[in-house]
Every structure is written in structure tokens, then in C-alpha cells.
Amino acid sequence: MLKLMQLELKKFHLAGYIRSALIANACILGLICLMTLDSQNEGVPEFTRYTQLLDLMDILVRATFIIFASVLLCRFIVDEFKSKSITILFMYPIHRKKLMIAKLLVVLLFTFLSIIISEIIITAAIHLLNQFVVIVPDQLTLAVLGQQSVRTLMNAVAASFMGLVPLYMGMRKYSVPTTIVTSILIVALLFSNNNSATLSSFALVQIGFSVLGMLVAYAAIRRIEYKDITS
């Protein structure tokens, strides 16, 4: 399985996606800085505590990489089924189920690691900038970091599986736009601010969408076992 995952990564040039992820990090950091500096110019700080800023960062990172996951799904799976190039891979002496699992695992792991690493990078950058420009008038303590680390780990796992949900719509007609639009709609539903709360902040909602993502992955694996891809 590990070799199959490595082959997938080589075939689709992982370095390009890493660059895109870093650009996304820079955009998120820039947006947070603009929000804080703009609010300071108006005399009302956007954030008074680090926890508020870290919560916003967590939402932005998860939303970004759920959509990013749909792009990966399009490239790794939907595009190959649409062009029927997947049939060439199925000619190899590899069980098609293992091939699909490898593709899904690559998307899952990339999304998970991207969220974790992005939050570490952006948190470190904000903390560093805060030494020179007041972004938030608060101290980043070990207690806050510890709490945020636990939340980040749990949210990253949930978001990784949430990112698989758009595959259901994408595989119905092998449509790239449908896959990406579905992920945008999911992000809009889960992360829209409603009285300082989002649907994604509720554990049951996260668990529900994560389970839905698992079911979509299972359905995709079962589908290629019995469906004639050439039809």
C-alpha cells in the first residue's frame, strides 16, 4: 500500500501541491494581519485574546484545505475516471480496490498534515509578528498552546474525512466542477458565522460529516469493484 501511495505522489508531482499549500498559508496570514490592522485603525481591536485569533485561524485553515482536498480528489480520482485513463492502471496486476484506497489515503494524509503544519506555521508567524506589531494584546502561553494543539489534532482528523464528502457528487458524473462546488457549499454551510458560532464548532456535526466522508470513501471503493469503468 505504501508503494502505491508513493507512486501516486510521484505521478502527480507532490511538490506543486506543497507550494500551493504554502501560498494558501501566506494568504491566510495576510488576511488575519489585514483584519487586525484595519480594526486597530478604527480604534477597536479585532482580537483581545489569543484564543479568539487561533480559533479564526483554525476555521480559515480547515475551510481552505477541505476545498483543497476536493481539488486533489479531482486530480487523483475524478479526472482519471472521466478520461478513462484509470483503465490503464486497472490492467496492472494490482487489485483495483487497493489502488482506490491508496488514492484516498494520499488525499486524507495530505489534508491532515497540511492542516496541522499550516496551523503550526501560521501560529509561529503570528507570534513572531506580534513581537514587532501588536496583532493581539495578549500573551501566547503554554496552556493556550496545549488546548489549541488538542483541538487542532481533533479538527484536522474530522476535516480530512469531511474533505472526502464531495467525491460522492464528483463520481456521479465524473465532474470536476461539481466536486469543487460541492466542497465550497460544504465549507459555506459548516463555517459560516452565525452569532459568533459555526456549525463546525458542534462536535456532533463534525462527527456526522466525518462519518459521511467515510461512507462516501467506502461507496467509492465498492463501486469500482463491481462497475465496468469502460462503460
Side-chain angles (χ1 to χ4, degrees), residues 8 11-14 16-28 30-32 56-86 100-115 118-119 155-194 197-202 204-224 227 229 231:
E8 289 296 313
K11 184 169 67 173
F12 292 105
H13 307 294
L14 182 63
Y17 296 107
I18 293 174
R19 282 195 298 270
S20 299
L22 291 174
I23 292 170
N25 287 346
C27 292
I28 292 169
L31 178 61
I32 291 173
L56 174 64
M57 177 199 67
D58 180 56
I59 288 172
L60 292 174
V61 169
R62 282 188 290 149
T64 298
F65 285 102
I66 285 175
I67 296 173
F68 204 95
S70 72
V71 175
L72 292 176
L73 289 171
C74 290
R75 189 71 195 279
F76 280 64
I77 300 174
V78 177
D79 263 348
E80 290 205 331
F81 278 87
K82 184 178 180 180
S83 65
K84 293 186 170 57
S85 61
I86 194 77
M100 178 61 89
I101 291 172
K103 288 176 176 289
L104 291 169
L105 282 176
V106 167
V107 176
L108 272 172
L109 289 174
F110 188 88
T111 306
F112 174 77
L113 292 174
S114 294
I115 292 172
S118 295
E119 298 213 12
N155 289 341
V157 171
S160 300
F161 284 102
M162 288 179 193
L164 298 180
V165 175
L167 182 61
Y168 174 77
M169 297 302 296
M171 289 292 282
R172 292 191 69 179
K173 293 186 177 180
Y174 303 137
S175 170
V176 170
T178 300
T179 309
I180 295 174
V181 168
T182 302
S183 71
I184 294 171
L185 292 175
I186 290 171
V187 164
L189 175 66
L190 292 177
F191 298 101
S192 294
N193 195 305
N194 184 16
T198 63
L199 278 176
S200 65
S201 62
F202 297 100
L204 285 177
V205 174
Q206 286 212 66
I207 293 170
F209 270 86
S210 299
V211 171
L212 183 58
M214 294 177 196
L215 292 174
V216 168
Y218 177 75
I221 293 166
R222 295 288 292 176
R223 177 175 180 171
I224 68 163
K227 183 177 175 60
I229 305 300
S231 62

| request: Report the C-alpha distance between Leu60 and Ile32 in whole Å, list the side-chain angles of each, state the deciding distance to 0.1 Å, and finish with yes or no for side chain to side chain contact (heavy atoms under 4.5 Å, CB included). | output: CA-CA 10 Å; Leu60 292 174; Ile32 291 173; 4.1 Å; yes

| task | Determine, stepwise, if the pair Leu189 / Leu185 fulfils side chain to side chain contact (heavy atoms under 4.5 Å, CB included). | result | CA-CA 6 Å; Leu189 175 66; Leu185 292 175; over 6 Å; no

| request: May I have the step-by-step check of side chain to side chain contact (heavy atoms under 4.5 Å, CB included) for Ile186 and Ile67, ending in yes or no? | output: CA-CA 9 Å; Ile186 290 171; Ile67 296 173; over 6 Å; no

| task | Could you walk me through whether Leu104 and Ile221 pass the side chain to side chain contact (heavy atoms under 4.5 Å, CB included) test, one step at a time? | result | CA-CA 9 Å; Leu104 291 169; Ile221 293 166; 3.9 Å; yes

| request: Let me see the working for Ser70 and Ser183 under side-chain hydrogen bond (donor to acceptor under 3.5 Å, both in side chains), right down to the final yes or no. | output: CA-CA 6 Å; Ser70 72; Ser183 71; 3.0 Å; yes

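Side-chain contact between Val78 and Thr178 is absent, with no heavy-atom pair separated by less than 4.5 Å. Looking only at side-chain heavy atoms (C-beta outward), Ser200 and Arg62 come within less than 4.5 Å of each other. Residues Met214 and Leu164 form no side-chain contact, since every pair of their non-hydrogen atoms from C-beta on lies 4.5 Å or further apart. With contacts defined as side-chain heavy-atom distances shorter than 4.5 Å, the pair Met100/Ile77 qualifies. Considering only heavy atoms from C-beta on, Ile180 comes within 4.5 Å of Cys74 through its side chain. Side chains of Met169 and Thr179 form no contact here, defined as non-hydrogen atoms less than 4.5 Å apart.
A 6.0 Å sphere centred on CZ of Phe191 holds more than 12 heavy atoms belonging to other residues, nucleotides or ligands.
Judged purely by atom type and a 3.5 angstrom limit, Lys103 uses its side chain to pair as donor or acceptor with the backbone of Phe76. Looking only at distances, a side-chain donor or acceptor of Ser20 sits under 3.5 Å from a matching main-chain atom of Gly16. In this structure a side-chain-to-backbone donor-acceptor pair under 3.5 Å is present from Ser160 to Phe112.
Heavy atoms only, all atoms of each residue included: Thr111 and Val107 are closest at OG1-O, 2.7 Å. Scanning all heavy atoms of the two residues, the minimum distance from Val165 to Leu212 falls at CG1-CD2, 3.9 Å. The minimum heavy-atom distance between Ala156 and Ile115, with the atom names listed, is CB-CG2, 3.8 Å. Taking all atoms of both residues into account, the shortest heavy-atom contact from Thr182 to Pro166 is CG2-CA, 3.8 Å. Nearest approach of Tyr174 to Lys82, heavy atoms of both residues: O-CD, 3.3 Å. Here the closest heavy-atom approach between residue Leu199 and residue Val205 is recorded as O-CB, 3.4 Å.
Atom CZ of Phe110 and atom CD1 of Ile18 lie 6.0 Å apart (nearest 0.5 Å). Distance CG/Leu22 to SG/Cys27: 11.0 Å, rounded to 0.5 Å. A distance of 12.0 Å separates CD1 of Ile66 from CD1 of Ile184, quoted to the nearest 0.5 Å. Distance CD1/Ile101 to CG/Leu108: 11.5 Å, rounded to 0.5 Å. Interatomic distance, CD of Gln206 versus CG of Asn155, reported as 4.5 Å (0.5 Å rounding). Remark: Thr64 OG1 to Ile23 CD1 distance equals 13.0 Å, nearest 0.5 Å.
Salt-bridge check for Arg75 with Glu80: failed, with every basic side-chain N at 4.0 Å or more from each acidic carboxylate O.
With sequence neighbours excluded, the residues that form a ring pair (Phe, Tyr, Trp, His ring centres under 6.0 Å) with Phe65 are Phe68.
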